[in-house]
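As the structure lists them, so they are numbered: ligands from 1, and atoms in each ligand from 1. Quick note: residue numbers are just sequence positions, from 1.
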Amino acid sequence: MHPIQIADGIYDVGVNDWNVRDFHGYSTPTGSTYNAFLIVDEKIALIDTVKKEFANQLIKNITEIVPLEKIDYVISNHTEMDHTGALPSIMHRIGKDKPLYCSKMGQKNLAMHYRNNWNYHAVENGEELHLGSRQLTFLEARMLHWPDSMLTYEKKDKILFSSDAFGQHYAGYEKFDDQMDPETLLNHSKKYFANIILLYAGQVQKLLKTVNDLELTFNMICPDHGIIWRKRPDVILDAYAKWSEPIASKKAVVVYDTMWQSTKMMAEQICEGIVSEGVNVRPMNLRTNHRSDIMTELLESSALIVGSPTLNNNIYPTVSDFLTYMKGLRPQNKLAACFGSYGWNGASIKILNSELASMKFNMIDAAGLKIQYVPDDSGLNACFEYGQKIGKAICQSIE
Ligand code: FEO
């Protein structure tokens with residue numbers, strides 16, 4: 001894509017990655033973008049770069065606006081390589097003595113990534129950089145989502161360059177929120193939050209508090225991935241405020257895999273029981289639902305119910321994969337229960353209970369529900385009643 005002017009003298013010079021389908025275990029069926037921003041004033045600044053393999057496209061985009069050597073400052077909001085992979089190419093071409101602005105931790109991390117002795121300028125929180133008519137302020141955003149993360153605020157047009165925060169993994173010819181269906185955009189944002197930002201919900205609240213305390217307002221929020229918020233930046237700020245708080249909803253997710261359909265039969269009856277209590281439930285078979293889509297569904301659910309057959313005295317590999325992924329994202333304040341079929345050793349239930357309890361889920365029932373081999377009518381009835389018990393617990397938890 002060619003550069004796009006997003007404000008007077010400010011351009012998105014980033015790239016679309018149409019083909020990326022996996023981001024650290026997060027499925028990205030619509031690709032992603034690596035946004036980078038060029039501010040042309042009396043002085044010229046480049047904010048962030050792109051993945052290494054897109055360096056030539058970034059360079060081409062910049063040179064459509066200014067010769068590379070005219071860049072006075074490079075600002076790195078975050079070290080992760082989707083935003084710095086092209087940095088060595090850029091620094092080499094613009095002159096390695098040009099100042100590279102980043103956080104203190106950014107300086108350490110960039111040095112360890114690229115083993116280069118660039119002309120680092122490690123900024124203090126709140127430090128300013130004057131470009132002429134425009135003035136940039138650097139805001140510390142430690143652990144949102146790396147120790148080096150910072151944000152850059154442009155005062156004149158009230159533009160927040162927000163690094164990974166407020167982004168989406170979405171590649172398209174649309175560039176702004178007013179060019180996209182609002183619900184689709186919010187769903188992409190939700191998946192991104194559930195799979196990248198969730199672990200750092202506390203830091204999101206801290207950032208929103210800083211924004212309030214400093215009475216900052218934004219005309220535009222420019223994340224490093226996906227769509228720029230220019231019409232309704234309040235939509236994504238409000239969504240982050242909601243998603244970073246504990247969520248109480250009459251909604252549950254039933255996640256399972258099955259060996260000979262018995263655990264599937266159990267899952268379906270448990271869902272029927274949950275629904276009969278007026279709770280919305282989504283059954284998600286791990287063979288047909290990606291772990292990152294399950295996390296998205298879980299974000300606004302009050303309870304997670306996990307089912308696994310016992311396989312060789314253990315849980316199913318797909319269930320283990322999901323639990324490992326979820327453990328890293330640390331969802332908070334949710335109920336949980338577990339179930340599964342077994343042959344001669346019902347170890348899966350004990351393992352599931354222990355795993356979920358270790359992740360600080362509030363267990364509805366310490367025993368779980370296990371059924372030997374294939375459930376008969378009375379077994380299916382027990383599953384329905386188990387679902388009712390779960391549904392009642394969810395309703396009580398949000399009263
Ligand atoms: Fe988009 Fe943390 O990198």
**Q** Could you check which N/O/S atom of E80 is closest to atom 2 (Fe) of ligand 1?
**A** OE1
**Q** Measure from atom 1 (Fe) of ligand 1 to every N/O/S atom of H225 and report the name of the nearest one.
**A**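 Nearest N/O/S atom: NE2.
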**Q** Mind checking whether Y256 and F339 have parallel, tilted or perpendicular rings, split at 30° and 60°?
**A** tilted
**Q** Looking only at N, O or S atoms, find the one in D164 nearest to atom 1 (Fe) of ligand 1 and name it.
**A** OD1
**Q** Output yes if H83 passes the N/O/S-under-2.8 Å test against atom 2 (Fe) of ligand 1; output no otherwise.
**A** no
**Q** When rounded to the nearest 0.5 angstrom, what distance separates OG1 in T296 from CZ in F193?
**A**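 Spacing of OG1 (T296) from CZ (F193) equals 11.5 Å.
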**Q** Look at the aromatic rings of W18 and Y173 and report parallel, tilted or perpendicular, splitting at 30° and 60°.
**A** tilted
**Q** Please determine whether H78 has a backbone or side-chain N, O or S atom lying under 2.8 Å from atom 1 (Fe) of ligand 1.
**A** no
**Q** What class does the angle between the rings of H225 and Y34 fall in, given that below 30° is parallel, 30 to 60° is tilted and above 60° is perpendicular?
**A**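 If you compare the ring of H225 with that of Y34, the planes turn out perpendicular.
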**Q** Identify the residue among F161, F138, F218 that makes a ring-ring contact (aromatic ring centres under 6.0 Å, His included) with Y153.
**A**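 That would be F218.
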**Q** From D82, does some N, O or S atom reach closer than 2.8 Å to atom 2 (Fe) of ligand 1?
**A** no
**Q** For atom 2 (Fe) of ligand 1, find the closest N/O/S atom belonging to H145 and write down its atom name.
**A** NE2
**Q** Out of K242, R282, K334, K250, which one pairs with E300 under the salt bridge (Lys or Arg N to Asp or Glu O under 4.0 Å) rule?
**A** K242
